[in-house]
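As structure tokens, the structure follows; a few thoughts come after it.
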Amino acid sequence: MTLKVEGDPGYGSVSAGGRFTDLDSSESVPLLIPDIQQRQHVWKPLSKEELLKCAGGPGWKKFRSRLVLCFWFGWLIMLGTAVAIIIQTPRMESPSLHWWQRDVFYRLQPALFMDVDSDEVSRISRVSEHLPYLKSLGAGAVILEGLFRHDISPTNLTEIDQNLGTLPQFTQLITESRKAGVRVVLDLCELDLFEQESGNETNVSSGPSEHIQYSLKYWLEHGVSGFGICDTDTAFSAKTLMEWNVLMQEFNSQDDERILMVRQTGNTLPALNASSIVVNGSLVELVIKSLIPPSHHPLSPAEVAEAMEASLQKPQGDWPSWTVGGGVPWELQRAILVLIMTLPGTPIIKYGDEDLDQLNQPLALFHSLSQSRAREEALHFGRFTFLSFNASMSSSSLNSTATPPLAFLRSWGCVHFLVLFNLGSEPHTLDPDWAPSLPEGGVFVTSTGLDRLGPVSLRSIKMQPHEAIVIKLFESDNF
């Protein structure tokens, strides 16, 4: 009987006759010797027939081809749908702005350019030499103040103050300003032209005289880009402004629009017998508002903060324009500069306000603000939102005698800038819950001290005395 062996075939003993003998039995089996030579496998490519057989036949080939076509067809449909959604989705398109909405205005009195070393160079010529500096600041227009004598008559409105220069020098100034890309606006505020005519028995109610119309046309022909008056002038009337506007329309072009500006001296403009005074309206283009009320002495930080808060909470109108106005303490001038350059509308900088030499970095703050305004749509024409600290802060986090901080948002689409002010004389740490709806973090854009860089958490900002900070907020789903 043949013995079935499981396990190692070499287990047991081998007799001389080549028979396997079990130790406990006399039965034997043939010896199983394993083949020590390994079979070598040779890989050969499959033939077409073998491939078709493995793939399931010709029908499967057609099915796979159609499946691939369906995949690419579906992918193209999804791509087209995505493109259509992107095209049809409402986008925040940048508005088309006029030059007086894009540019920074610079108030300048030629009388301030005094040269004690040379009497041959007039002050008008000094203004011409100043044009490259104005262009480097990012200023697009200069408002010349004090160019005429206060007792000038309408018949002499084509003559400038001889102490400042001659008419050929002023004509050269206009020519060079055009080449430099800086427009010139003449300030006619407080000239009392109509009162002069009243003394000569001219009927004031009849409107601007032919002399004033002729003078305005004279300066427009010389290349002046506009005129400014005060709301206290007798020229501030609906009839006068309409007549001036009709005259200036004759010199308007698509790239060279002439404008009328009105400086608001009170809290509101006096009422006119006209429908409205709005941007792109029929009367004036810019209404210049003062952030700080006029005063004979510099205001205290608390008074400045109160005036700022009152100005920020008022309706801004269609396109406001801002200037400082009253006296500001020296330690707050840099913060006021930040405010002027980040508010909605056209900033108007007075001569010398940009050169606030601190930490041996003259003009650094102004350049930073000017470049940010030109680059960021939110700072240029974004939506304005005032943020109140008083309603969000507890009484324990803010001393009742301390100057409260101020803040507002500038937003355009999903881009948001937070502007913070601490006008008080003490450091202030923001309450973690002062603005729960804002994103938790952002990145510093600039500050009055020019010493804040990199990312920041809004819950841990400690503001220094008299400091202003501009922060670009990170995007958030719930903001």
Side-chain angles (χ1 to χ4, degrees), residues 98-100 105 107-110 124 127 141-162 164-175 177-178 182-200 202-253 255-263 272 274 277 279-288 321:
H98 302 273
W99 67 264
W100 41 269
F105 281 60
R107 294 172 54 192
L108 180 61
Q109 296 182 15
I124 292 293
V127 176
V142 56
I143 304 175
L144 293 182
E145 301 176 341
L147 195 64
F148 305 97
R149 298 174 58 90
H150 286 284
D151 58 350
I152 192 172
S153 65
T155 57
N156 297 327
L157 193 57
T158 57
E159 300 177 2
I160 63 175
D161 191 345
Q162 296 298 320
L164 304 179
T166 62
L167 182 59
Q169 292 172 340
F170 180 79
T171 304
Q172 182 66 22
L173 168 63
I174 297 295
T175 302
S177 66
R178 289 284 179 171
V182 179
R183 292 176 170 84
V184 175
V185 178
L186 300 185
D187 182 58
L188 306 179
C189 190
E190 299 178 355
L191 287 184
D192 296 334
L193 300 177
F194 291 90
E195 277 73 4
Q196 292 287 340
E197 288 197 347
S198 178
N200 294 329
T202 302
N203 187 4
V204 180
S205 61
S206 62
S209 68
E210 295 181 358
H211 295 293
I212 297 180
Q213 290 277 8
Y214 172 80
S215 300
L216 296 180
K217 185 176 181 180
Y218 175 83
W219 292 118
L220 291 172
E221 290 176 345
H222 277 72
V224 170
S225 295
F227 305 96
I229 62 173
C230 290
D231 60 1
T232 55
D233 297 340
T234 52
F236 184 71
S237 65
K239 183 178 180 180
T240 301
L241 293 177
M242 288 180 181
E243 291 178 350
W244 288 16
N245 190 272
V246 171
L247 174 64
M248 299 179 68
Q249 292 293 332
E250 301 177 5
F251 295 87
N252 280 352
S253 64
D255 299 330
D256 188 15
E257 184 180 5
R258 312 301 174 93
I259 65 171
L260 283 174
M261 305 186 308
V262 174
R263 188 187 308 172
L272 292 176
I277 297 182
V279 176
N280 296 331
S282 59
L283 298 182
V284 300
E285 283 71 28
L286 284 179
V287 176
I288 305 175
S321 179

Side chain proximity check, Met261 to Phe105, heavy atoms < 4.5 angstrom: yes

Minimum-distance pair of heavy atoms, taken over all atoms of Leu191 and Arg149: CD2-O, 3.8 Å

Test side chain to side chain contact (heavy atoms under 4.5 Å, CB included) applied to His222 and Leu173, step by step: CA-CA 10 Å; His222 277 72; Leu173 168 63; over 6 Å; no

Beyond-backbone contact of Val287 with Asp231, side-chain heavy atoms, under 4.5 angstrom: no

Side-chain touch Ile259/His98, heavy atoms, less than 4.5 angstrom: no

Results of side chain to side chain donor-acceptor pair (under 3.5 Å) for Asp233 - residues two or more places apart only: none

Leu216 side, atom CG; Phe227 side, atom CZ - distance, nearest 0.5 Å: 4.5 Å

Under 3.5 Å donor-acceptor, Trp99 side chain and Ala141 backbone: no

Shortest non-hydrogen separation from Gly165 to Ile160 and the atoms involved: O-CD1, 3.6 Å

Nearest-0.5 Å distance, CG of residue Leu144 to CG of residue Leu164: 9.5 Å

For Thr166 against Gln162, the heavy-atom pair lying closest together: CG2-OE1, 4.4 Å

Straight-line distance of Gln172 CD to Ile124 CD1, nearest 0.5 Å: 12.0 Å

Whether Glu145 side chain and Leu108 backbone form a donor-acceptor pair below 3.5 Å: no

Residues that Arg258 engages under side chain to side chain donor-acceptor pair (under 3.5 Å), provided they are two or more places apart: Asp256

Steps toward side chain to side chain contact (heavy atoms under 4.5 Å, CB included) verdict (His211, Leu157): CA-CA 8 Å; His211 295 293; Leu157 193 57; over 6 Å; no

Smallest separation among heavy atoms of Phe148 and Leu188, with atom names: CE1-CD2, 3.7 Å

Contacts of Ser225 that satisfy side chain to side chain donor-acceptor pair (under 3.5 Å) - sequence neighbours left out: Arg178

From CZ (Arg183) to CD1 (Ile174), nearest 0.5 Å: 12.0 Å

Distance-minimising heavy-atom pair for Phe236 and Cys230: CB-O, 3.7 Å

Nearest atoms (heavy-atom pairs only) where Trp244 meets Ile229: CZ3-CG2, 3.8 Å

Separation of Glu243 CD from Leu247 CG (nearest 0.5 Å): 10.0 Å

Atom pair CD/CZ of Glu159 and Phe170 - distance to nearest 0.5 Å: 13.5 Å

